[in-house]
Every structure is written in C-alpha cells, then in structure tokens.
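Naming: A, B, ... by sequence-line order, numbering from 1 per chain. Here the structure is a predicted model, which means the values were calculated and not measured.
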Amino acid sequence: RKEVEQDPGPFNVPEGATVAFNCTYSNSASQSFFWYRQDCRKEPKLLMSVYSSGNEDGRFTAQLNRASQYISLLIRDSKLSDSATYLCVGGRDDKIIFGKGTRLHILP
Amino acid sequence: GAGVSQSPSNKVTEKGKDVELRCDPISGHTALYWYRQRLGQGLEFLIYFQGNSAPDKSGLPSDRFSAERTGESVSTLTIQRTQQEDSAVYLCASSLSRDQPQHFGDGTRLSIL
C-alpha cells in the first residue's frame, strides 16, 4: 500500500458544483496533514492545513478521519479557477509524504 | 517577506555535463527539501536538511546526485554526468520544521540534450 494515496482523476465537474476528494494514508502515527494545489507548470502552493477537528476556509473544508486513515477536501460552489491538481500530504516529524495528486477540471 | 528563491529558472545542458542548482530558503526556516518532478508526474523526494543534523538522503536516485547546505542557509543540488532521464523540474521547499507546511520555490526546469 502506498504511504499516501489519491485518486489521480481527472474529476470533470460543472462550475458551481460541489466536489470532494479523499486521500488515504498508511502510517497510523501520522500527525501532520495538508492540502496543496498545483497549477500546470507551477510549484505546489499550500491550500490549507488539516486539523483533527476539521477546518474550513471559505469554500474549502478539510477533514481528518483517523479511524479510517483518510483526509478529505470539499470544495463548494466550484469556480473555473479551482481547476488544478490537488496534492494531499501526510506524515510526522520524521517523514512527510506527498500524494501524487488529483486533477480537477471545472467545466463552464 | 521573501519566499524560497531558486536559480537558475531554466537550465539546458548537454548529456554528460555537471549542473548545480541553487536554493535560498525563507529566512528562519531550518528545514529544506529538494524534490524532482518529471512532466505529468508527482513530486519525487530527493533530500532533506534540518539545521545541522545529518541530511536524509534516502531519496537520491544515484550517486551522481549530491546536495549541500551550510547551516540554515543556501543549499545546492549537484548532478554529475547528467543523463537525459534527469530532465525534470527540480523544486526546493523550506519549512519551520519537518511537520510544518512547506513553501516551494518556482523550481529549476532542467533539460538535458
């Protein structure tokens, strides 16, 4: 099992829809979780950290499920500008692993 | 403040040449990472530095790859006797510590002819 695993997509979603991604992690001792977005031919940029109690930033909601070892990202009222690759990150202070990313295309 | 700075932005070189890539992390960030990203692929971890501790070199693909960092400052990634499969974007990131979010530079796009 890969240490951090994501569905590569692509997810093709109409503008205004809600889209959700999951990301599973294999190391139950993982403590730190993040979501990044990466635009085509650009560097990854931090979207949000993921906290145990779940957290929200505008249209974006991140959640952590320790029992099932996954994190999720929910995007509400999706915009054309949300089209990107979304990378999940999990680990602890001895190792941080990036997932391969999920491609999202928002359709007009 | 200033973000992570990488140079050069682009590098084209002939197979067999050595290349040196530079990364200037965010001031105060003790952790520094190098990644490789081939076209259409995910991030491939190469090496991690934390302060004055021994680096984690577990991701270096061969002995042609090496990296140095002096204290908490600039890092250089050196690739010797470059091969065509070394063509990729090399990304540097820094963070306050390993469990904190990483901030990436713009990357160096390396093309081996």
Side-chain angles (χ1 to χ4, degrees), chain A residues 2-10 21 23-52 55 57 60 62 64 71 73 83-105, chain B residues 2-10 21 23-26 29-51 53-60 87-111:
Chain A
K2 293 179 183 174
E3 293 184 81
V4 174
E5 198 155 8
Q6 300 182 248
D7 182 338
F21 309 132
C23 167
T24 58
Y25 61 94
S26 61
N27 185 352
S28 60
S30 295
Q31 297 284 348
S32 302
F33 303 94
F34 311 99
W35 282 102
Y36 282 72
R37 72 170 278 165
Q38 185 173 25
D39 293 289
C40 189
R41 301 176 74 84
K42 296 285 191 179
E43 77 278 13
K45 292 187 177 177
L46 178 68
L47 181 63
M48 57 197 305
S49 300
V50 185
Y51 303 118
S52 297
N55 48 299
D57 183 1
F60 299 84
L64 168 63
I71 63 172
L73 178 68
S83 296
T85 297
Y86 289 83
L87 310 176
C88 73
V89 185
R92 47 178 296 147
D93 55 6
D94 61 343
K95 196 172 188 181
I96 294 287
I97 305 292
F98 277 77
K100 298 299 184 186
T102 297
R103 286 179 295 149
L104 173 65
H105 297 154
Chain B
V4 176
S5 177
Q6 291 189 245
S7 62
S9 299
N10 290 282
L21 313 180
C23 173
D24 201 340
I26 293 171
H29 280 194
T30 60
L32 185 147
Y33 315 75
W34 284 99
Y35 295 90
R36 178 169 70 180
Q37 189 170 34
R38 293 193 169 109
L39 189 64
Q41 303 296 310
L43 295 177
E44 180 183 357
F45 167 75
L46 296 177
I47 189 168
Y48 161 73
F49 294 92
Q50 174 65 56
S53 302
D56 174 358
K57 302 180 182 180
S58 60
L60 294 178
S87 296
V89 176
Y90 288 81
L91 289 158
C92 175
S94 70
S95 63
L96 287 169
S97 62
R98 200 165 194 177
D99 61 347
Q100 294 298 307
Q102 298 175 33
H103 300 271
F104 285 82
D106 293 341
T108 294
R109 191 171 303 277
L110 177 63
S111 300

Enquirer: Using non-hydrogen atoms only, which part of B/Phe45 is less than 4.5 Å away from chain A: side chain, backbone, both, or neither?
Expert: neither
Enquirer: With a 4.5 angstrom heavy-atom cut-off, which part of B/Leu43 approaches chain A: side chain, backbone, both or neither?
Expert: both
Enquirer: Given that the side chain runs from C-beta out, which part of A/Leu46 has a heavy atom under 4.5 Å from chain B: side chain, backbone, both or neither?
Expert: side chain
Enquirer: For residues B/Pro101 and A/Phe34, report the shortest heavy-atom separation together with the two atoms involved.
Expert: CG-CE2, 3.4 Å
Enquirer: For chain B against chain A, give me the donor-acceptor pairs closer than 3.5 Å, one per line with atom names and distance.
Expert:
| from | atom 1 | to | atom 2 | distance (Å) |
| --- | --- | --- | --- | --- |
| A/Ser32 | OG | B/Asp99 | O | 3.1 |
| A/Tyr36 | OH | B/Gln102 | N | 2.7 |
| A/Tyr36 | OH | B/Gln102 | O | 2.7 |
| A/Gln38 | OE1 | B/Gln37 | NE2 | 3.1 |
| A/Gln38 | NE2 | B/Gln37 | OE1 | 2.8 |
| A/Asp94 | O | B/Arg98 | NH1 | 2.9 |

